[in-house]
Amino acid sequence: MSKTTAKPRSFQEIILRLQAYWADKGCAVMQPYDMEVGAGTFHPATTLRSLGSRPWAAAYVQPSRRPTDGRYGENPNRLQHYYQYQVLIKPSPPDLQELYLGSLEAIGIDMDLHDIRFVEDDWESPTLGAWGLGWEVWCDGMEVSQFTYFQQVGGHDCHPVSGELTYGLERLAMYVLGIDHVMDMPYNDPDAPIALKYGDVFRQTEQEYSRWNFDVANTDVLLKHFEDAEAECHSILSQAHDDPKTGKRIVMAHPAYDQCIKASHIFNLLDARGVISVTERQSYIGRVRTLAKMCADAFVQTEAGGWTAEAKADA
Amino acid sequence: MADLLIELFSEEIPARMQGRAAADLKKRVTDGLVEASLTFAGAAGFSTPRRLTLAIEGLLERSPDQSEERKGPRVDAPEKAIEGFLRGAGVSRDDLEIRDEKKGQVYFATIRKPGRPAAEIVAEVLEDAIRNFPWPKSMRWGAGSLKWVRPLHSILCILSREDGAEVVPMDVDGIASDNTTEGHRFMGSGRFAVNGFDDYEAKLKRDHVILNAEERADAIWTEATSQAFASGLEVVEDKGLLTEVAGLVEWPVVLMGAIDAEFLGLPPEVLQTSMKEHQKFFSVKNPKTGRIERFITVANRETVDHGATILAGNQKVLSARLSDAKFFWENDLRVAKSNIAAWTDRLSNVTFHNQLGSQAKRIDRIVALARDIAPAVGADPALAEQAARVAKADLSSEMVYEFPELQGLMGRYYAEAAGLPAEVANAAQEHYAPLGPSDDVPSAPVSVAVALADKIDTLTGFWAIDEKPTGSKDPYALRRASLGVIRILLSNDIRAGLDAWFDAQLLRHKINLNGDADAAEIEAMEEMLDEIADHGVFGAAFHAMLDRLKGKDDAPATDEGSLLRTVGDAVPDLSTDLLAFFHDRLKVYLRDQGLTHDVIDACLEMPGNDDVTLLVRRATALGAFLETEDGTNLVQGFKRAANILTQAEEKDGVEYSFGADAKFAETDEEKALFAALDAAGAKIAPAMEAEDFAAAMASMADLRAPIDAFFEAVQVNSDNQVVRRNRLNLLSRIRGLCLSVADLTRIEG
């Protein structure tokens, strides 16, 4: 393994190094998905692209929202909006663990001084109908990433299997930079003419969203939005594969999946408002999973999902 | 002879699966070898986070040749039959042998199976073991279809002899076997070749891998205890954690760190649980104060700074974790002190079971039953009610949400903080006990009342919805619950009939399950609960209710098929069935204490068999009695008397039960028996009344000699019908007297 690199000095430098590292390893560096999601896994570059037979390699930052984790910017570690760094490679390469460890070195973790461990942690997403086996990766007892081999997504067996890496960026950066409170973390270079801390960028938004998430969000409207997104998803997927206007075969897996993402996030908001009872909870999760499965079914009917006219003819 | 070394090298295997997997590899491979007649002297399995290893010593070089003789058709059989035989046996006609048999000349074939080289067999057996390995969970990776617990990277498989080692060639989905492996992920020196087990183990150690999990565990424990000792402290023992940690490292390095002073005020159990669950840390306590002051973490490597960076990192993570725990603790204390009832209220939104309803409903039922039970266990009913009401409040606390295993214990802390009586706080913790067979049983009366009510509510609930344990399936741990009830009753010497409690609680469940019934029906059932409390018997309560409703206008229906009738019919059956379940558990429990099932059966037939303590006293006395010579002989005499009686009763079509008179006695032995029965009867009845079973049985033992003497000297079936009848009636006195103590017909042998 390469020798230790100099320590990064800011949150953004860690992101930039991860981007450069995974670009160097051949990943398509993508941009965040332009919708509210609870985790990087929801980005179609992971959920949908892990399906079907076509090879894929992508890395990206994904802003993630967890309304229940809001603490008005006061908790040193908890945020209702944070960033995940996500890598998905299909098929999973045999040296994925080494590649991953290389990325830790790239952000300044000296393998000779730290204790890195792979501790069993199986991943399951009831809303996505997905599961995989893997680990949480510990650095000196702290979880710095999740490492998963996808086995099933949207009810479909993954063939080939994707390797997924998820880094919780704030936590990882706080560790590397030696910061105790997330709001004190340098966002850009601390010597920049206008040096900004994480708190300068996000403290106010954490307060605003915490208040809105917990006390103000109109639950009636949200419930309506949930129903609308669900209905729209069904409606999109009920369309014929052949587009009557262009005469082309256009399966609308992605627009349908957007509605699934929407429904999922609305469910999270409703959950944060505490208006969903234990029994209803299961039923909402089931409804989102149904959408996710339908979208997965649709995606494998697209070219990106491995569909070909020839294969269709053969079958 | 050769030695076989196998290593399956993969990405990190979950710690909890390693030990089992090493044993499975050993079993699957050695079974396969034995099946193929390839015997060996010994085998040992090993595991580390990244490898499963199997070393086999003294393996045969080849499996032995085998031959099998097969009898064919007669020489003059049709050609087709002979050809068929040749095909089946796989031999040519020249190989056949002709032998003279009774029926004529017959063909015989000898089928020879030559032995096969060890390498060939090993390759087959190992491939089969890999493809069918019983992992609790396995996965695919990359583009392949092979399944393993995590991606499998290499297969080392060599046969070694004095003159060197040979690779057993094989290929499993593109992974070709060879003679190489690698050591520690970070402290190793890359791949290396090995020529046998000793070489393998030594080179692994050189590359910072301790192969043997027990050796790793021992090293961790020795180092941890000595570091703690050097600071005047001691490590809190935790075997499960030690095994797990030994499965997380290949090169254990023990580091001891301090816990920030601001967290030392947390309850020690909270510190310990948080450190163990989240960080896999051992707790280190000060033996003088009992407080947990430090932690032990086990790293997987040495570093130039002697672990300083690693320890600092771990300490920081721990502080973050404990900040959370402290946050929960302080929030919870605030709620507990201001309004602990708010937690109970919140449980109405928490489902206990989808049919049995919410936790809040469950608590209401437990409260009612705890009140019923309190007088029988010497508890103040009001305190028992209060305790049952708050016993599960901690389920709403943040701490128990985070650490479910702290339920009960936190309940105690919070009840204390709320300023509730000590009995109530105790019950919050103790009402879950006993969980395991070796757990302590609560003895404080209020705890006992709530513990019994909690368990009986669970049992009757699942009986009411017909979710009883079957075979090995007992998802709600109902066997454990009933054993818990039995142990609480016995160890506190509680005298009470279970029937009335079962009936009342089954009825409460029925009321709950029929929430949509008419108000009048519900009211009638609730009145029945009061009747049970008064009459103690369900049947009486049920009939009292029916009588009362008869006269009323607009009374709820009580005819066949009505809700009240259905419930009234169901409850006694369920109650009886549940009691039978208890009796089965009791038999298992008493068997472990050396009482055989027939002794218990003999006592189950006696009245009051729903009183576990009484039942066990009776059985214990009977068991002791049967251990004595008088006891065994008396049982023989009793059986002889009973047999003669039964035969005579069947023959004569009458029951001999009354009217034996000493004046018809002809012999001294007969007269003596009359006298002995009078004497014993005079002692047994009051002894039974006083439940002094030992005394009753001692008096019964006095009968042994007179009964033996009677049978020795007297022919029961006398020609004189008056004498015969009198003797039969005398025998029935023996039967009656003995049966008043226990049903001796059940005793085997």
Side-chain angles (χ1 to χ4, degrees), chain A residues 1 53 55 71 75-78 89-98 101 109-122 131-135 137-144 147-152 157-163 171 174-175 178-180 274 277-279 282, chain B residues 11-17 49-50 135 137-145 147 149-151 153 185-187 244 247-249 253 255 257 278-281 297-305 307-321 323-324 327 349-351 354 358:
Chain A
M1 261 166 226
S53 54
R71 296 291 185 274
N75 188 287
N77 310 298
R78 280 192 207 278
I89 306 180
K90 178 176 76 173
S92 64
D95 59 347
L96 188 56
Q97 282 186 311
E98 281 70 32
L101 293 170
I109 295 181
D110 181 352
M111 291 295 148
D112 289 339
L113 285 179
H114 294 277
D115 181 34
I116 308 289
R117 229 86 73 66
F118 292 84
V119 179
E120 177 189 16
D121 188 34
D122 300 340
W131 67 276
L133 299 190
W135 310 274
V137 185
W138 285 14
C139 176
D140 303 336
M142 189 180 73
E143 182 191 341
V144 289
F147 192 129
T148 308
Y149 291 101
F150 278 5
Q151 301 296 300
Q152 214 179 48
D157 281 345
C158 298
H159 240 302
V161 166
S162 301
R171 191 154 33 153
M174 282 165 70
Y175 190 73
I179 304 292
D180 290 328
S277 75
V278 181
T279 29
Q282 286 312 311
Chain B
E11 296 177 14
E12 278 76 357
I13 306 166
R16 67 189 169 93
M17 301 179 190
R50 293 208 291 169
W135 290 110
K137 273 187 191 170
S138 59
M139 53 162 273
R140 293 172 287 106
W141 61 93
S145 58
K147 286 191 158 192
V149 63
R150 292 294 182 274
H153 282 278
R185 187 189 278 285
F186 301 105
M187 302 178 75
E244 184 180 3
L248 287 171
V249 293
V253 175
L255 302 167
H278 292 308
Q279 304 302 134
K280 322 276 186 217
F281 288 173
T297 183
V298 182
N300 187 31
R301 62 163 309 153
E302 294 163 7
T303 60
V304 285
D305 64 354
T309 307
I310 296 174
L311 191 58
N314 275 287
Q315 225 147 358
K316 200 163 173 175
V317 181
L318 179 65
S319 291
R321 290 287 189 190
S323 302
D324 276 350
F327 178 77
N349 296 322
V350 180
T351 309
N354 58 5
S358 69

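To find a chain, count down the sequence lines: A is the first, B the second, and so on, and within it residues start at 1.
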* Is there side-chain contact between B:Glu11 and A:Tyr149, with heavy atoms separated by less than 4.5 Å? -> yes
* Structure fact -> Bottom line for B:His153: the part with an atom under 4.5 Å from chain A's heavy atoms is side chain
* **Closest approach of A:Pro91 to B:Gly142 (non-hydrogen atoms, all atoms of both residues)** => CB-C, 3.6 Å
* To do: Would you please test B:Val249 and A:Arg117 for side chain to side chain contact (heavy atoms under 4.5 Å, CB included) and show each step?
  => CA-CA 8 Å; B:Val249 293; A:Arg117 229 86 73 66; 3.7 Å; yes
* Under 4.5 Å, counting heavy-atom pairs only, tell me which of B:Ser145, B:Ala320, B:Pro14 racks up the most with chain A. => B:Pro14
* Looking at side-chain heavy atoms only, is the closest gap between B:Glu12 and A:Phe147 below 4.5 Å? -> no
* Asked: What is the distance from atom OG of B:Ser323 to atom CG of A:Asn77, rounded to the nearest 0.5 Å?
  -> 8.0 Å
* Roughly how far apart are A:Met111 CE and B:Thr303 OG1, rounded to 0.5 Å? -> 13.5 Å
* Approximate separation, where rounding is to 0.5 Å, of B:Ile13 CD1 and A:Glu120 CD -> 11.5 Å
* Where on A:Tyr175 is there a heavy atom nearer than 4.5 Å to chain B: the side chain, the backbone, both, or neither? -> side chain
* Trace of the side chain to side chain contact (heavy atoms under 4.5 Å, CB included) decision for B:Lys280 with A:Trp138 -> CA-CA 12 Å; B:Lys280 322 276 186 217; A:Trp138 285 14; 3.5 Å; yes
* Mind checking the NZ-CG spacing from B:Lys137 to A:Asp122? Nearest 0.5 Å is all I need. => 3.5 Å
* Asked: If only atom types and distance count, is the side chain of B:Arg301 paired as donor or acceptor with the main-chain N or O of A:Ile116 below 3.5 Å?
  -> no
* Asked: So how far is it from A:Asp110 CG to B:Thr309 OG1, rounded to the nearest 0.5 Å?
  -> 8.0 Å
* Side-chain contact, heavy-atom cut-off 4.5 Å: B:Arg185 with A:Leu101? -> yes
* Side chain, backbone, both or neither: which part of B:Met17 has a non-hydrogen atom closer than 4.5 Å to chain A? -> side chain
* Structure fact -> With chain B, the option among A:Cys158, A:Ser162, A:Pro55, A:Ser53 that has the most non-hydrogen atom pairs under 4.5 Å is A:Cys158
* Asked: In terms of heavy-atom proximity below 4.5 Å to chain A, should B:Val253 be classed as side chain, backbone, both, or neither?
  -> neither
* Asked: Taking all non-hydrogen atoms of both residues, which atom of A:Leu133 and which atom of B:Val149 are closest, and how far apart?
  -> CD1-O, 4.1 Å
* **Option in B:Pro151, B:Ala15, B:Gly307, B:Ala312 with maximal non-hydrogen atom pairs under 4.5 Å from chain A** => B:Pro151
* Asked: Are side-chain heavy atoms of A:Asp112 and B:Val304 found at a separation under 4.5 Å?
  -> no
* Contact check, side chains of A:Arg78 and B:Asp324, non-hydrogen atoms, under 4.5 Å -> yes
* Do A:Gln151 side-chain atoms and B:Arg140 backbone N/O form a donor-acceptor pair below 3.5 Å? -> yes
* Asked: Would a 4.5 Å heavy-atom cut-off, applied to side chains only, mark B:Val317 and A:Asp140 as touching?
  -> no
* Would A:Asp121 and B:Arg150 pass as an ion pair if we require N to O under 4.0 Å? -> no
* **Segment of B:Ser138 engaging chain A (4.5 angstrom heavy-atom cut-off)** => backbone
